[in-house]
Amino acid sequence: MTTPVSTSQTEPQRNWKDYFTFNTDHKVIGIQYLVTSFIFYLIGGALAAAIRTELATPESDFVDPEVYNQLFTVHGTVMIFLWIVPAGAGLANYLIPLMIGAKDMAFPRLNAVAFWLIPVGGLLLMASFFIEAPQAGWTSYPPLSLTMGQVGEEIWILSVLILGTSSILGAINFLATIIKMRIPEMGWFDMPLFCWSMVATAIMVLLSTPVLAAALIMLSFDLLVGTSFFDPNGGGDPVVYQHMFWFYSHPAVYIMILPFFGVISDILPVHARKPIFGYRAIALSSLAISFLSLIVWAHHMFTTGTPAWLRIFFMATTMAVAIPTGIKVFGWCATIWGGKLRLNSAMLFGIGFVSSFVIGGLSGVMLASTPFDLHAHDTYFVVGHFHYVLFGGSVLGLFGAIYHWFPKMTGRYMNEFWGKVHFWLTLIGLNITFLPMHELGLEGMNRRIAIYDAEFQPLNVVATLGSYLLAVSTFPFMINVVWAIFKGQPASGNPWKALTLEWQTSSPPLIENFEEEPVLWCGPYDYGIDVPPEDQQSVQELLSEVKTDMGR
Amino acid sequence: MTTANKITIIVLAILIAIISLWYGQNHGLLPAAVAPEAEAIDGLFDFMMIIATGLFLLIQGLLIYTAIRFRRKPSDDTDGPPIEGNVALEIVWTGIPTVIVLILSIYSFEVYSTIGGLNPKAAKDEGPQPVAEETQSEQGLMASASDYLALGLGESPANQAKNLTPLSIDVNAIQYAFLFTYPDTGVVASELHVPVGQPIQLNISAGDVIHAFWVPQLRLKQDAIPGREAQLSFTPEKPGTYPIICAELCGPYHGAMKTNLIIESQQDYEAWLQQQQVAQSESLDNAVALENSNSLLTPYANQLGVNQQLLDELKAYSQ
């Protein structure tokens, strides 16, 4: 697809049309992923606004109850499978080859296939609104999912199977690329932490997604040809579906958060001008989370058909997740402590990520406790909890990543003022929306309901207003991105004076990434080392020095 | 570290501890607790809230302080100190969470045991049973009278020690109502009446899709799964009327699937039971959605297609 070039003078420029083709350049694919998933984020957000509008009043008055169930079913599916997971894959696509000094991913064509499955699965799911939308929740538990409309349910199954396949193909590629394509000098512990988090993510995807596919295929058989894998009327067991579903879907939570753990571990040191605190601990804790994620799934099933020993075992393993997660959180706090913080948009989103994620983490440990979960399971407490993790965590991390790497991707800075407006609107909006949900759940409001007790209305109104603020918060971001692409202040190859390899090439990078193979002249986070304060040299200058030394 | 700094840190730590201890016990986030099971779970929640508040204040405080204190001076383009880690500190913040989650696990285990979760009669998974069996009320009667095994919470060790015989009630969840059958008398009701102080054992099953039985004031929840028996035990202590909520998505009108738990004195309970027995011989209509006290569902009765034919079917079903 691309021809090798020797000098930058003859370097072909990326054409905007390339972004609409089956291109195999990982950078094009990365941006395709990010833009596509952002469009689905807007759709998922519109669905959320509709849900919150319905919940502004205790009666079922904004939409029909069936439509309401369709709204939250598709909202959950879109936000998970079409926004956070592919957006993480998009970042990984763009960044991994650059971070390890490779020209492209290990399997470029597979990479393009993995991306193009996303719009296919996404459009299929969207089409369901015009045919018959699924309405059994994103968990799609049988027997309910077998009785709520065959067409809608099968569209949902096919869509998730397609998106799951895309995820598996992506994971194979990330793992192969990281293992085989690092520049020779780069050992495992010289990699940026984002690469470590993607190793952990890819392992989870590869081990757990096939189980989801199996569950969905069996569900299809029950739905279409009348088998009884999960149908109790024929001797099947609906609880088995729950085990298989959560065997994927709990790791999925970490599949959605780990890439952003990596993002934060890369953003904070750059803008704090300090090395990451405890590199090995943060790197290995990603693998620990990856391992633990495979043995915690039944904490979603403490109130279903599970025996006591199983509830206790999964309580203990779930609580253990707090240990590697705590290592990361304390490591991040210690990284910025004593630094020289540049509080730009990327850094604000990075700190906001830690702040919001901690709230979701603390409520997560509470929910792990079996007796307390008997009360809180399937309530708004859980809804509040996972929105703090996935919105306060993943989405803030993702915005941080966009502000941080936007100059690399486009060669232009985003506007800082509007970036900060975006940050504060998002942070305030998310707390107004999701904090009251904890109290609602504890007081007795269950989830997935269009009709609720009038005593819960005041806090629901607060949450609804917060969700409108979140809707408003996306506008400064979108305008900023479009404005910056055309009019943003031009950025150099290394505008943040960062040390990881992606900053050693031009912005935007050449089609084959690096003019010549990049040189690993220091660790990824060696800030404040080897650079005497009185002798300020830019990374570029140091790089050229190193190159001269090596006689290149 | 200067003495002034040390004092500041100690004062802050004490302050965080005091605020956490106070807030953990005065958060006011939970509704009334009407059974000893609920009180045990509240004790656990308060304990977790104390720890969570402490950690919340510590980390948010650290972040806010860092963001203000360590922001870059406009003229300063230098890097921060090259501190790459501190093994002692890292061991501390790995060790403390490990100890905390160990304590939480043991405390949770203890509470789970107190509320009857480890009762061998309720702790074993017998796997799925054919659905058809449960619809025969006679077999249901025999089953609940014998010592069959079901999932969920069994008799609590405290009640076992007192040698109290629990009152067994069958709960059948269907779209979108709960049916309560009192096997001893054959009474079928749409609301759950229980006498105060009497240990209750609910045998929970579902007729169509998965539902869940939840009473926020009991802090207890158990899914009703078609093809499986589940069990929930508690001892009501405070008289009053409390909501019973279906907590597992069961269809479009899931939000309206509610009824009441009425904890009343032994006399009131017996009077109610007698009245039901008389009424039951005449009509079962009060057992279904259309005519029960569920004001949330009534407006949707027509959309749901609840009509006389369905009532008759239900009547036949619950007998």
Side-chain angles (χ1 to χ4, degrees), chain A residues 65-66 69 137 141 143-144 232-233 237-238 272-275 277-278 281 303-305 307-308 312 315-316 319 322-323 326-327 330 333 336-343 351 354-355 358 362 366 369-372 374-375 377-378 439 442-444 446 448-452 527-529 533 536, chain B residues 29-31 41 44-45 48 52 55-56 59-60 62-63 66-67 70-72 76 78-82 84-85 90 93-94 97-98 101 104-105 108-109 111-112 117-118 123-125 128 131 151 209-210 212 216 219-223 225-228 245 247-249 252-256 296:
Chain A
E66 286 91 356
N69 286 14
Y141 278 7
L144 183 69
N233 290 314
D237 189 352
R273 312 309 302 163
K274 259 188 78 198
F277 197 97
T303 70
T304 70
I312 298 296
M315 170 175 80
M319 289 206 172
I323 300 164
I327 291 174
F330 288 118
C333 289
I336 58 173
W337 178 270
K340 295 184 176 176
L341 309 193
R342 291 195 295 236
L343 289 179
I351 296 174
V354 181
S355 165
V358 160
L362 292 172
M366 292 180 172
S369 167
T370 309
F372 173 65
L374 293 184
H375 178 55
H377 178 67
D378 266 334
E439 182 170 355
L442 292 174
E443 293 283 354
N446 47 333
R448 293 173 170 161
I449 52 171
I451 308 154
Y452 61 86
Y527 297 101
I529 299 169
Q536 277 304 299
Chain B
L29 293 171
L30 289 164
I41 291 173
L44 173 64
F45 178 72
M48 294 196 291
L55 285 168
F56 174 85
I59 294 167
Q60 307 292 355
L62 266 176
L63 290 174
T66 310
F70 296 111
R71 50 193 322 170
R72 184 180 70 94
D76 187 358
T78 60
D79 283 353
E84 291 193 311
E90 284 170 53
W93 71 48
T94 311
T98 310
V101 298
L104 279 185
S105 295
S108 302
F109 179 85
V111 169
Y112 195 63
L118 301 180
K124 198 173 156 221
D125 188 3
V131 179
L151 287 163
V209 298
I210 300 174
R219 313 281 188 270
L220 298 180
K221 186 180 290 121
Q222 172 59 49
D223 284 13
I225 304 164
R228 274 174 194 256
I245 299 166
E248 182 64 53
L249 176 64
Y253 298 91
H254 166 55
L296 285 170

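Below, chain A is the first sequence line, B the second, and so on; all start at residue 1. Worth knowing before you read on, the calculation uses all heavy atoms, side chains too, and leaves out hydrogens, waters and symmetry mates.
The line from CE of A/Met319 to OG1 of B/Thr98 is 13.0 Å long, rounded to the nearest 0.5 Å. A distance of 11.0 Å separates CG in A/Leu362 from CE in B/Met48, rounded to the nearest 0.5 Å. Taken to the nearest 0.5 Å, the CG atom of A/Asp378 stands 11.5 Å off from the CD1 atom of B/Ile245.
Residues A/Phe372 and B/Val111 fail the side-chain proximity criterion, which asks for heavy atoms closer than 4.5 Å. B/Ile59 has its side chain within reach of A/Cys333: a pair of non-hydrogen atoms, C-beta onward, lies under 4.5 Å apart. Within the 4.5 Å cutoff, no side-chain heavy atoms of A/Thr303 are placed close to those of B/Glu248. For the pair A/Val358/B/Leu55, no side-chain contact is recorded, criterion being any heavy-atom separation below 4.5 Å from C-beta on. A 4.5 Å side-chain heavy-atom check between B/Phe70 and A/Ile336 finds every atom pair outside the cut-off.
Heavy-atom distances place the side chain of B/Glu90, and not its backbone, under 4.5 Å from chain A. For B/Leu249, the parts lying near chain A are the backbone and the side chain together; criterion is any non-hydrogen pair under 4.5 Å. Proximity to chain A (any heavy atom under 4.5 Å) is restricted, for B/Leu44, to the side chain, taken from C-beta onward. Of the two parts of B/Ala212, neither the backbone nor the side chain holds a non-hydrogen atom closer than 4.5 Å to a non-hydrogen atom of chain A. Looking at A/Val354, both its backbone and its side chain come within 4.5 Å of chain B, counting heavy atoms on both sides. Only the side chain of A/Leu343 comes within contact range of chain B, with at least one heavy atom under 4.5 Å from a heavy atom of that chain. For a residue to count as touching a neighbouring chain, one of its non-hydrogen atoms must lie under 4.5 Å from one of that chain's; by this rule A/Tyr141 touches chain B with the side chain only. With a threshold of 4.5 angstrom between heavy atoms, A/Ile312 approaches chain B through side-chain atoms but not through N, CA, C or O.
Closest approach of A/Gly528 to B/Pro82, counting heavy atoms only: O-CG, 3.5 Å. Nearest heavy-atom pair, A/Met315 versus B/Phe109, reported as atom, atom and distance to 0.1 Å: CE-N, 3.9 Å. Contact between A/Pro371 and B/Ser108 at its shortest, heavy atoms only, is CG-O, 3.3 Å. Nearest heavy-atom pair across A/Ala322 and B/Val101 is CB-CG1, 3.9 Å. Here the closest non-hydrogen pair linking A/Gly338 and B/Pro81 is O-CD, 3.3 Å. Across all non-hydrogen atoms, the minimal contact from A/Leu442 to B/Pro31 is O-CD, 3.1 Å.
Around the CZ atom of B/Arg71, the shell of radius 6.0 Å holds no more than 12 heavy atoms that belong to other residues, nucleotides or ligands.
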- Might you work through the side chain to side chain contact (heavy atoms under 4.5 Å, CB included) test for A/Asn446 and B/His254, ending with a clear yes or no? CA-CA 10 Å; A/Asn446 47 333; B/His254 166 55; 3.7 Å; yes

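Looking only at distances, a side-chain donor or acceptor of B/Lys221 sits under 3.5 Å from a matching main-chain atom of A/His375. For B/Gln60 (side chain) and A/Ser355 (main-chain N/O), a donor-acceptor pair under 3.5 Å exists by modelled atom type.
With chain B as partner, the option from A/Gly137, A/Gly278, A/Ala316 having the largest number of non-hydrogen pairs under 4.5 angstrom is A/Gly278.
Under the 30°/60° scheme for interplanar angles, the aromatic rings of A/Phe277 and B/Trp93 are found to be tilted.
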